[in-house]
There are 4 protein chains.
Amino acid sequence: MEKLISGIHKFQADVFAPNSDFFRKLVEGQHPQALFITCSDSRMVPDLICQTDPGELFVLRNAGNIVPPYTPGAASGEAATIEYAIRGLGIKDIVICGHTRCGAMQAVAEPSATANMPRVRQWLEHAQASSEIVCTCYGHLTGEARAKVMVQENVLTQVEHLRTHPTVAAALAAGELKLHAWVYKMETGDVFAYDPESGQFTKLATDADPTQSYPLLPRRPATPLSTADAI
Amino acid sequence: MEKLISGIHKFQADVFAPNSDFFRKLVEGQHPQALFITCSDSRMVPDLICQTDPGELFVLRNAGNIVPPYTPGAASGEAATIEYAIRGLGIKDIVICGHTRCGAMQAVAEPSATANMPRVRQWLEHAQASSEIVCTCYGHLTGEARAKVMVQENVLTQVEHLRTHPTVAAALAAGELKLHAWVYKMETGDVFAYDPESGQFTKLATDADPTQSYPLLPRRPATPLSTADAI
Amino acid sequence: MEKLISGIHKFQADVFAPNSDFFRKLVEGQHPQALFITCSDSRMVPDLICQTDPGELFVLRNAGNIVPPYTPGAASGEAATIEYAIRGLGIKDIVICGHTRCGAMQAVAEPSATANMPRVRQWLEHAQASSEIVCTCYGHLTGEARAKVMVQENVLTQVEHLRTHPTVAAALAAGELKLHAWVYKMETGDVFAYDPESGQFTKLATDADPTQSYPLLPRRPATPLSTADAI
Amino acid sequence: MEKLISGIHKFQADVFAPNSDFFRKLVEGQHPQALFITCSDSRMVPDLICQTDPGELFVLRNAGNIVPPYTPGAASGEAATIEYAIRGLGIKDIVICGHTRCGAMQAVAEPSATANMPRVRQWLEHAQASSEIVCTCYGHLTGEARAKVMVQENVLTQVEHLRTHPTVAAALAAGELKLHAWVYKMETGDVFAYDPESGQFTKLATDADPTQSYPLLPRRPATPLSTADAI
């Protein structure tokens, strides 16, 4: 905690004070560009990776970047945060961003890892589809290759869950929302986006035209992801 | 989204590449210093405010920095993330950090604001205790003063909820966990911590001895009950 | 049932008739001194142990003297009874009183005991924190000593749950409610109260000044937050 | 609280000490004669009214002596306590005992009474059937007469709810359980039992043969209760 507290004083002196005009303007309200849903993993820092300033990313984080399917009547932090982003803030883009070396995804693959964590195990049931896709389509993979494809498939599973939320479904139907499935590759700093054309995750190209290249994710083709190279 | 994608390329060139040793070391695993629970608000950037590096803060974010009380049988992202932090990562400090100008807290106070957001309204029921405390104890306050005290009381409410999670209760009883109630003041960049001695939020002082000044919020001393005699 | 029915006639002849003035006065309304939350166990008779008359104790009883944490949207007998005590009756003291030799607490410790009682097992999940505290802090205890500490820790767990109820939180914040954690020792007839100073359960002394010795279990002082300056 | 604490010392000196053999025998275990479900009302003291000793009545109490219908998946104190009584303790008789002058039943009839008690109002939804029966069949009644019939009908409603619990249904089907619908009349000290033969509540007669007179409640006849005299 010492480091956090001295960090806060450093922030006040070195960041807030010289930019107080910027920060005071923020007080009036937020107009974020996207809802960024990602893992609680400490090595994943959305505003660092996207080089965004305060006020630009509305962020939802939990273990495994999981979005439970819409469950009527259940008070859910994920459901509320997504609804607030769309209806309260008018957000037009939702990114679900997984990452390699994800402890939650490793726990999905290896249930013994959560023997003393019953609440974690129950939560990871929401990644069960990812796990069964991996068993069904990627039975030949082991170790790191299997872990990597699990991370990718899980991002796609969570995008499917996202579609089940009434606010998301309505905004998609109205053409007012785009969904993006990303994976941050911790080993290289690259970010891969799911390309529905090819049915693969591809590296975000420098000269990409984002409105063209990363459109609304349609239902995915039923072909497995390539495991040859890529991510 | 254009800004995010160009930001990612800037991150790769200006941040990852010059620090690739640091980032590659992170691939081996994470050893974060704290679980930082905060709001999804885009103006709240934990790693900026605490000046922490990737790998230092395990972060849980949702609308209103809410921790539902432990509900057996309900798969909850908050319950799982908290359990993973304590049991999976051995985290010893949990910070719940609210912030002024919080849209979620304004919506608690003004239910008409969520007329078309039923999932938000349901989620904010978890801040109902905060709302009733404000009505009971601060009936004389209006406007911004009322909004500010709501934010503070809500952080304390969520700390109470946190204590109901079995993993938290067990770690507190064993003296292996500290809870911290913070509020980030957006107008000035200051962070206030709840001081159980005075019963007030006070500004984090530059020369504070964190182990002394911001201790375990006392429910009970961290010593186990005597089993020698007594009952 | 024979015994109950003849008991009722005995009550009418020996208790009601000679005290009909007292009983008829009660018809006008109740003004109980405390909400007494205890176990359904037949050996626990609150009005006998406290030597109270009809009209003095408002009583909530279920298996294990459990108070589920506040769950928005869930109709709960415990939540309603607590709220009615505070808002409907103006009660200022809530006692949660466990007891040694508690079958529910034994079942928490020994899950096989509830193999054919799925509803019991689910309910006892609300004592999961107690169980994990015992495993974490009292691993060296076995048998009766372990059972006894489970009973005590469970009373404290349920007090934590109690605090999450909005009506309780608001009354505590307003300084209008005191919480008391008690254990009835069936072997000796003694009652022990949790003393937050020492962090131990201590026998209720004959000459105790109750306002001093068994105060509000401190989460925070009952003074409202300062709203003058600070944050 | 002073009165409770001095009462406890009186209990120890005047009740426990002279009967310590009796109390110490109880330590070995409980073998109660019945599960007694009643209201939290302080004027209702089951062991006083039935003149039972510690160890004889297993008691479930909440506001309004309500038994929610069985709801799969919901952890419920009522469901668990009932199941424990039948399967854990082998109880063969369940009494649901309402009482005249019941504040909860008055609140069902007069919703404005719970304007600031949302959790109470939600809980009393479980007495909605009683309320609609009263509106449908007893529209001509007002005031005290209406209140009295509400109390009676509500006991019958809760008996219906009780039947929906799997453990109850199974024990009833096996002929191992009897249900009893009672009302305690606060004004006179009398207890009335529902007699399925006549479809009316009748005063428990001194010379009643309980095995004959108060048998397993079958589904009630569809005739309204008499409101002429009786209770």
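In what follows, chains carry the letters A, B, and so on, assigned in the order in which the sequence lines appear, proteins first and then strands, with residues in each chain numbered from 1.
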**Q** Looking at CD of C/E160 and CG of B/L162, how far apart are the two atoms once the value is rounded to the nearest 0.5 Å?
**A**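 It comes to 10.5 Å.
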
**Q** Measure across B/C137 and C/A170 and return the closest heavy-atom pair with its distance rounded to 0.1 Å.
**A**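 Of all heavy-atom pairs spanning B/C137 and C/A170, the closest is SG-O, 4.4 Å.
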
**Q** How close do C/T167 and B/E132 get, counting heavy atoms only, and between which atoms?
**A**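 Heavy atoms of C/T167 and B/E132 come nearest at N-OE1, 3.9 Å.
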
**Q** Evaluate the side-chain proximity of C/Y70 to B/E125: yes if any heavy-atom separation is below 4.5 Å, no if none is.
**A**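 A side-chain contact exists here, since the closest heavy-atom pair is under 4.5 Å.
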
**Q** Once you round to the nearest 0.5 Å, how far does NE2 of B/H126 lie from OG1 of C/T71?
**A**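 Reported value, rounded in 0.5 Å steps: 7.5 Å.
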
**Q** Just so I know, are the side chains of C/Q122 and B/P72 near enough to count as touching, which here means a heavy-atom distance under 4.5 Å?
**A**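 With C-beta onward as the side chain, the pair stays apart.
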
**Q** In Å and rounded to the nearest 0.5 Å, what is the OG1 to NE2 distance from B/T164 to C/H161?
**A**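 NE2 of C/H161 is found 5.5 Å from OG1 of B/T164.
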
**Q** Taking all non-hydrogen atoms of both residues, which atom of C/I133 and which atom of B/A169 are closest, and how far apart?
**A**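 So the two residues come closest at CG1-O, 3.5 Å.
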
